[in-house]
Each structure stands twice: as structure tokens, then as C-alpha cells.
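So the structure is just underneath, and the comments pick up after that.
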There are 2 protein chains.
Amino acid sequence: MNIGDVAERTGLPAKTIRYYEDIGLVTPQRGSNGYRVFRDTDAHKLTFLGRARQLGFSIDECRDLLALWEDRNRASADVRAIAKGHLDDIESKIKGLVAMRDTLAELVRDCAGDHRPDCPILKGLEGP
Amino acid sequence: MNIGDVAERTGLPAKTIRYYEDIGLVTPQRGSNGYRVFRDTDAHKLTFLGRARQLGFSIDECRDLLALWEDRNRASADVRAIAKGHLDDIESKIKGLVAMRDTLAELVRDCAGDHRPDCPILKGLEGP
DNA sequence: ATTGACCTTCCCGTGACTGGAACCCTTATG
DNA sequence: CATAAGGGTTCCAGTCACGGGAAGGTCAAT
């Protein structure tokens with residue numbers, strides 16, 4: 001498989017796949033013409049990476065998950081620890097965003113949004 | 001006021017304040033020794049910027065908000081449009097994160113997290 | 001032989017800072 | 001008066017995970 005084929009199969013842009021090779025996440029072989037040659041295992045790895053990235057795992061977390069995925073003697077506790085850590089990150093991000101949204105929604109709600117200059121949003125940004 | 005004073009008053013790191021000057025958000029004067037000299041209006045601007053950034057507005061949005069803030073003839077509709085656009089962004093970010101969290105929480109819930117290699121999280125990342 | 005679709009490497013840019021190096025200014029102290 | 005601490009200054013590089021685009025090599029079909 002060339003990079004275009006694997007890009008289509010995995011849904012990842014070719015650029016991303018090259019980047020993943022750069023940082024050592026996949027190691028495709030090379031054909032005599034210099035083209036990357038991907039085997040099925042490479043495609044599977046990339047699918048795995050794509051899904052992990054979709055779930056918001058960082059590249060470093062993906063690297064660790066990938067290592068565990070390929071380790072038949074792994075302990076599921078190690079996988080779970082990474083996922084749980086990331087889950088906590090997401091939760092706190094959500095909390096931050098919800099707080100932002102609530103504050104902002106209140107300001108937007110109170111703003112007339114007409115031709116007049118008087119604006120509670122700007123007032124809210126001035127100070128507490 | 002020197003940069004340290006205004007940093008303390010606004011809660012922004014000095015580095016950030018210098019950066020804001022670099023990109024033209026504030027234009028403090030300079031003393032004979034080359035030090036930045038901040039007036040009260042500068043400090044107020046920076047407080048405004050800090051709060052806008054806390055609410056997740058981008059630097060470009062902050063620039064626009066600042067211009068409106070300083071324009072006595074502004075229409076509150078313009079402010080509201082920016083805020084509403086940003087609010088929508090936040091909402092969709094929250095939605096994305098909540099979807100991530102739900103998927104991930106399910107995987108974490110189903111994972112035993114013990115010494116055995118069997119792991120629903122890795123299985124979930126393999127494919128649908 | 002030439003097109004057009006692939007592929008390659010390389011370098012720069014993103015957003016909003018942060019860290020660090022190397023150096024200057026001010027004030028307090030021995 | 002020398003010095004040390006604690007400000008300040010500029011500039012450069014790095015972050016994260018790619019994306020855009022240039023310059024050029026390769027392949028299949030016409």
C-alpha cells in the first residue's frame with residue numbers, strides 16, 4: 001500500500017501519516033522508488049492512532065497506548081490508568097468551558113444588541 | 001507604573017504584557033531608562049484583556065472587543081455578535097468534549113484494570 | 001513524448017504564550 | 001565605593017500536532 005491508499009483506509013491525511021513516521025509512531029518500509037510501503041499492521045496501527053486521537057489522547061499518550069496494545073503481557077490496569085487520567089483531564093476541561101459558557105451566556109442574554117452603545121458584556125469585562 | 005506593578009495589579013505575567021505590546025494591544029510609554037511606563041488606562045486595558053481571555057476570547061476577538069470598548073459610538077449589537085459567535089464556539093467545543101467523555105467513560109467503566117491483558121479500552125480503540 | 005496523478009523532502013506558519021540567555025538599571029548594604 | 005539583589009530590557013527557541021506550499025522524482029495511460 002502507498003500512503004494515499006492507507007490515508008483513504010484510515011481517514012488520516014497523508015501529511016499526518018508522514019508526521020507519525022517522523023516521530024516514530026509507525027515505521028513503514030520503503031520501496032525501491034523511495035515510496036513508503038505500508039503493510040496491514042501499519043494500517044491497523046494508524047487506525048488505532050486515529051481513534052485514540054479522536055478521543056483526545058495526546059501523542060505521548062497514544063505512544064504509550066500503542067506500546068501496551070502491542071504488548072501481549074500488558075496489564076489492563078496500565079491502560080486504564082492512562083485512560084482514566086485523560087478522562088479526568090476532559091472532565092476538568094468541560095468544567096472550565098461550562099463555567100465560561102454560563103458567564104458568557106448571562107452577559108449575552110443581558111445585552112440588548114441594538115444600535116445603542118450601552119453594553120453589559122463590555123461592562124462585565126471591565127471588572128467584577 | 002513599571003511592568004511588575006501592572007503585572008501584579010492585573011494578574012497577568014509580565015511576559016504576557018510584553019507580548020501584548022508586541023502585537024499592539026497596549027502601547028505603554030517609555031521612561032528615560034528604557035523601562036515601560038504604564039498609565040492607569042493601560043492597566044485598565046490589560047484587566048479587560050485578562051478577563052476577555054479568561055472567557056476564552058481569542059486575541060483577535062479581544063482586539064475587536066477592545067476597539068469597541070474604546071468607541072463611545074459603538075453599537076452593542078456589534079459586541080453581542082462577537083460574544084454570541086464565541087458562545088457558539090464554546091457550545092460546540094463542549095459538545096465535542098462531552099461526546100469524548102461519554103465514549104471514554106464507558107470504556108473505562110468496562111475495563112477491569114487488573115493484571116490481566118484483556119482490555120475493552122484497547123479493543124474500543126481498534127475499530128468500531 | 002507528454003500529461004496528470006501520485007510520491008518525496010524541506011521549510012515555514014499556526015496561537016498564545018513560556019523559558020532562558022545575556023545584558024542594563026536601581027537601590028540597599030558593608 | 002564596590003557589590004549584590006532584584007528589578008528591567010531584548011532576542012531566540014520551544015511548545016502541540018499538524019497544514020500549506022515549493023521543488024522535484026515516479027508511475028500509468030494516452
Side-chain angles (χ1 to χ4, degrees), chain A residues 1-38 42-43 45-46 48-66 85-86 89-90 93 96-97 100, chain B residues 1-39 42-43 45-46 48-66 82 85-86 89-90 93 96-97 100:
Chain A
M1 267 186 297
N2 282 349
I3 199 168
D5 308 321
V6 78
E8 197 176 356
R9 271 180 53 166
T10 61
L12 295 172
K15 276 266 186 189
T16 299
I17 297 172
R18 291 195 194 98
Y19 173 66
Y20 287 173
E21 185 190 9
D22 265 8
I23 61 174
L25 287 180
V26 280
T27 49
Q29 296 176 309
R30 293 293 177 135
S32 55
N33 53 8
Y35 285 18
R36 290 169 181 83
V37 177
F38 295 84
D42 296 320
K45 264 196 196 185
L46 287 167
F48 181 93
L49 287 169
R51 306 202 115 247
R53 293 286 302 133
Q54 269 184 30
L55 286 179
F57 287 101
S58 73
I59 291 287
D60 272 353
E61 287 166 338
C62 286
R63 199 188 300 275
D64 295 344
L65 288 172
L66 204 52
H86 178 48
D89 281 0
I90 292 180
K93 254 189 197 167
L97 284 176
M100 270 187 204
Chain B
M1 268 186 294
N2 282 349
I3 200 169
D5 307 321
V6 79
E8 196 176 358
R9 271 181 52 167
T10 61
L12 295 171
K15 276 267 185 188
T16 299
I17 297 172
R18 291 195 194 97
Y19 172 66
Y20 287 172
E21 185 189 10
D22 265 7
I23 61 174
L25 287 180
V26 279
T27 49
Q29 297 177 306
R30 294 290 178 137
S32 54
N33 53 8
Y35 285 18
R36 290 168 181 83
V37 177
F38 295 85
R39 289 158 300 179
D42 296 319
K45 265 197 195 184
L46 287 167
F48 181 93
L49 287 169
R51 305 202 114 247
R53 293 287 301 131
Q54 269 183 31
L55 287 179
F57 287 102
S58 73
I59 290 287
D60 273 352
E61 287 166 337
C62 286
R63 201 186 301 275
D64 295 344
L65 287 172
L66 204 51
I82 296 176
H86 178 48
D89 281 0
I90 292 180
K93 253 190 198 169
L97 283 176
M100 270 186 203

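Just so it is clear: chains get the letters A, B, ... in the order the sequence lines come, proteins before strands, and each one is counted from 1. On a predicted model such as this, the values are computed, not experimentally measured, just so you know. These values consider heavy atoms only, across backbone and side chains, with no hydrogens, waters or symmetry-generated copies.
For residues 23-34 of chain B, the side chain to side chain donor-acceptor pair (under 3.5 Å) pairs, not counting sequence neighbours, are B:Glu21-B:Arg30. Sequence neighbours left out, the pairs with a member in residues 1-15 of chain A that pass salt bridge (charged side-chain N to carboxylate O under 4.0 Å, His left out) are A:Arg9-A:Asp40.
Under the rule for a salt bridge (Lys or Arg N to Asp or Glu O under 4.0 Å), the partners of B:Arg39 that lie at least two apart in sequence or sit in another chain are B:Asp42. Residues passing the salt bridge (Lys or Arg N to Asp or Glu O under 4.0 Å) test with A:Asp60, sequence neighbours excluded: A:Arg63. With sequence neighbours left out, A:Tyr35 forms a ring pair (Phe, Tyr, Trp, His ring centres under 6.0 Å) with no residue at all.
In terms of heavy-atom proximity, A:Thr10 sits nearest to A:Ala43 at CG2-O, 3.7 Å. Counting all heavy atoms, side chain and backbone alike, A:Ile3 lies closest to A:Phe38 at CA-CE1, 3.7 Å. When every heavy atom of A:Leu66 is checked against every heavy atom of A:Phe48, the shortest pair comes out as CD1-CD2, 3.5 Å.
Mapping heavy-atom proximity under 4.0 Å, the span of DNA chain D touched by chain B runs 5' to 3' from D:dG7 to D:dC11. Read 5' to 3', the first and last nucleotides of DNA chain C with an atom closer than 4.0 Å to a heavy atom of chain B are C:dA16 to C:dT26.
Terminal axes of the helix from C:dA1-D:dT30 to C:dG30-D:dC1 (five pairs each, C1' rotation axis) are separated by 40°, to the nearest 10°.
In this structure the side chain of B:Pro28 reaches within 4.5 angstrom of the side chain of B:Val26, judged on heavy atoms. At least one side-chain heavy atom of A:Ile59 sits under 4.5 Å from a side-chain heavy atom of A:Tyr20. At least one side-chain heavy atom of A:His86 sits less than 4.5 Å from a side-chain heavy atom of A:Ile90.
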For residues 49-57 of chain B, run the donor-acceptor check on the side chains, cut-off 3.5 Å, and write out each pair with its distance to 0.1 Å, sequence neighbours left out.
{"unit_1": "B:Arg51", "atom_1": "NH1", "unit_2": "A:Gly124", "atom_2": "O", "d": "3.3"}
{"unit_1": "B:Arg53", "atom_1": "NH1", "unit_2": "B:Phe57", "atom_2": "O", "d": "2.5"}

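Listed in residue order, the members of residues 49-62 of chain A having a heavy atom less than 4.0 Å from DNA chain C come to none. Contact check of residues 3-18 of chain B against DNA chain D (heavy atom, cut-off under 4.0 Å) returns B:Ile3, B:Gly4, B:Lys15, B:Arg18. Near-neighbour residues of DNA chain D inside residues 20-38 of chain A, defined by a heavy atom below 4.0 Å, number-ordered: A:Tyr20, A:Asn33, A:Tyr35.
Note: B:Leu65 CG to B:Ile82 CD1 = 4.5 Å, rounded to the nearest 0.5 Å. Note that the CG atom of A:Asp64 and the OG atom of A:Ser58 stand 8.0 Å from one another [nearest 0.5 Å].
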Let's go through B:Arg36 and B:Arg18 carefully: what are the C-alpha distance in whole Å and the side-chain angles of both, what is the deciding distance for side chain to side chain contact (heavy atoms under 4.5 Å, CB included) to 0.1 Å, and is it a yes or a no?
CA-CA 9 Å; B:Arg36 290 168 181 83; B:Arg18 291 195 194 97; 3.7 Å; yes
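A distance-only check finds no donor-acceptor pair linking the side chain of A:Thr16 to the backbone of A:Leu12 [under 3.5 Å].
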